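Each residue takes its place number in the sequence, starting with 1. Quick caveat, the model's predicted, so the values are computed rather than measured.
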Amino acid sequence: MNREEQFVITISRQFGTGGHEIGAELARRLNVKLLDKQILNEVAKRTHVVEEAMEKIETRNPLWRDDFTDFYRNYMSKAEYDGAEHSQTSHALFNAQAEAIRSIAAKESCVIVGRCGFHIFADHPNALKIFIHSSAECRKHRIAERYGLDLRDAAAMVVDNDYSRELYTKTFTGKDWTDARNYDIAIDVRKFGVNGAVDFLMKCIE
């Protein structure tokens with residue numbers, strides 16, 4: 001990646017690795033825009049049909065805006081979430097969101113957390129695609145500490161969110177979420193910590 005030209009950094013991460021914090025700190029140090037959940041607001045403003053779909057889904061699950069994984073865990077994996085609705089809502093959402101991401105990235109350098117950014121920018125000439133991972137044991141302890149949970153509940157959250165992210169990626173890209181071939185760099189955050197991971201990535205970028 002050439003930092004002297006307009007660039008895109010995508011971050012895919014296992015749940016509980018601090019991937020969002022890493023992305024936010026990278027964006028801060030590089031002085032570029034961070035794109036994560038704010039993309040949903042951008043989509044809602046740009047696409048009326050998507051806004052209607054979002055409202056429909058939020059009626060069933062008010063927390064959907066807060067985390068995509070809840071949506072896919074609660075609806076895509078259940079029998080009552082039928083294929084027709086899947087086709088009309090979730091694919092429309094994904095495509096509109098991808099369009100919004102591309103539109104923003106075409107205007108300025110940015111760091112994108114999640115949202116299958118590695119796939120959306122697979123052919124981008126100046127993109128750095130990063131995967132943040134760690135052991136399940138490390139991640140459940142981090143989640144337990146962060147949310148004040150016991151280890152059993154934290155472990156369940158790790159499993160559920162990893163499942164949802166894997167399903168989300170497979171559904172909309174046809175690719176395996178943890179396949180190293182999707183990324184330029186895969187980093188085990190356990191060996192670095194969040195700040196150490198950002199320091200390492202900045203050295204790679206520079």
Side-chain angles (χ1 to χ4, degrees), residues 1 3 7-39 63 66-73 77 101 109-122 124 127-173 175-206:
M1 187 192 87
R3 187 177 172 183
F7 62 83
V8 175
I9 296 175
T10 72
I11 296 182
S12 301
R13 75 280 189 225
Q14 289 183 311
F15 183 72
T17 58
H20 185 276
E21 291 93 328
I22 290 171
E25 180 61 14
L26 269 178
R28 187 190 70 79
R29 294 195 195 183
L30 293 166
N31 194 30
V32 299
K33 181 175 288 185
L34 174 71
L35 302 182
D36 50 13
K37 294 171 186 176
Q38 71 187 52
I39 297 167
L63 298 179
D66 293 336
D67 196 341
F68 255 129
T69 59
D70 289 340
F71 169 62
Y72 288 100
R73 177 66 174 177
S77 63
I101 295 171
S109 295
C110 54
V111 175
I112 300 164
V113 178
R115 298 358 185 197
C116 296
F118 76 89
H119 173 76
I120 295 171
F121 295 100
H124 191 284
L128 180 67
K129 298 174 284 293
I130 301 167
F131 185 72
I132 309 294
H133 64 95
S134 191
S135 68
E137 187 72 14
C138 176
R139 293 186 288 136
K140 78 176 182 182
H141 279 280
R142 186 175 187 275
I143 292 301
E145 180 178 354
R146 180 171 184 178
Y147 295 106
L149 303 173
D150 63 39
L151 289 177
R152 178 177 295 182
D153 288 340
M157 284 185 68
V158 167
V159 171
D160 285 355
N161 279 272
D162 280 357
Y163 166 81
S164 297
R165 291 177 183 181
E166 183 176 7
L167 178 61
Y168 177 88
T169 303
K170 192 69 173 180
T171 298
F172 295 111
T173 73
K175 298 176 181 177
D176 292 329
W177 176 49
T178 58
D179 189 337
R181 292 172 295 183
N182 296 326
Y183 310 101
D184 302 304
I185 298 174
I187 181 171
D188 186 345
V189 74
R190 174 183 52 174
K191 301 180 183 299
F192 295 88
V194 170
N195 289 330
V198 175
D199 291 340
F200 173 80
L201 292 169
M202 286 297 296
K203 289 179 181 178
C204 294
I205 293 168
E206 292 169 354

Legend entry - Smallest separation among heavy atoms of D184 and A127, with atom names: OD2-O, 3.6 Å
Legend entry - Worked verdict on H141 versus E137 for side chain to side chain donor-acceptor pair (under 3.5 Å): CA-CA 6 Å; H141 279 280; E137 187 72 14; 3.2 Å; yes
Inset, instruction - Hey, could you give me the CG/CG distance between D199 and L26, rounded to the nearest 0.5 Å? - result: 9.5 Å
Legend entry - Side-chain heavy-atom pair L34, H20 within 4.5 angstrom cut-off: yes
Inset, instruction - Taking all heavy atoms of I22 and all of A197, pick out the closest pair and write down the distance. - result: CD1-CB, 3.8 Å
Inset, instruction - Answer yes or no: does atom CG of N31 have more than 12 heavy-atom neighbours from other residues, nucleotides or ligands under 6.0 Å? - result: no
Legend entry - Nearest-0.5 Å distance that lies between atom SG in C116 and atom CG in N182: 9.5 Å
Legend entry - Value rounded to 0.5 Å, distance of OG1 in T169 from CZ in R115: 11.0 Å
Inset, instruction - Determine the sole option in F131, F15, F118 for which the ring pair (Phe, Tyr, Trp, His ring centres under 6.0 Å) test with W177 is passed. - result: F131
Inset, instruction - Considering non-hydrogen atoms only, spot the tightest contact between C110 and L35 and give its length. - result: SG-CD1, 3.9 Å
Inset, instruction - I would like to know whether F7 and L30 meet side chain to side chain contact (heavy atoms under 4.5 Å, CB included); could you show each step before the answer? - result: CA-CA 11 Å; F7 62 83; L30 293 166; 4.2 Å; yes
Inset, instruction - Taking only Lys NZ, Arg NE, NH1 and NH2, and the carboxylate oxygens of Asp or Glu, determine whether E25 and R28 approach each other closer than 4.0 Å. - result: yes
Legend entry - I143 versus A154, closest heavy-atom pair with distance: CG2-CB, 4.0 Å
Inset, instruction - Calculate, to the nearest 0.5 Å, the distance between atoms CD1 and CZ belonging to I130 and R13 respectively. - result: 12.5 Å
Legend entry - Non-hydrogen side-chain atoms of R3 and M202 separated by less than 4.5 Å: yes
Inset, instruction - Report the distance from atom OG of S135 to atom NZ of K191, rounding to the nearest 0.5 Å. - result: 9.5 Å
Inset, instruction - Just do the salt bridge (Lys or Arg N to Asp or Glu O under 4.0 Å) check on D179 and R181 with the steps written out, would you? - result: CA-CA 5 Å; D179 189 337; R181 292 172 295 183; 2.7 Å; yes
Inset, instruction - Would you name the heavy atoms of R142 and G16 that are closest together and state the gap between them? - result: CD-O, 3.1 Å
Inset, instruction - Can you see which heavy atom on A144 is nearest to which on L151, and at what distance? - result: CB-CD2, 3.9 Å
Inset, instruction - Would you mind telling me which of L201, I11, I205 makes a side-chain contact (heavy atoms from CB on, under 4.5 Å) with L128? - result: I205
Legend entry - Reported NE2-to-OG1 distance for the pair H133 and T17, which is rounded to 0.5 angstrom: 9.5 Å
Legend entry - Residues R190, D188: salt bridge by 4.0 Å N-O rule: yes
Legend entry - Any donor-acceptor N/O pair, Q14 side chain to D162 backbone, under 3.5 Å: no
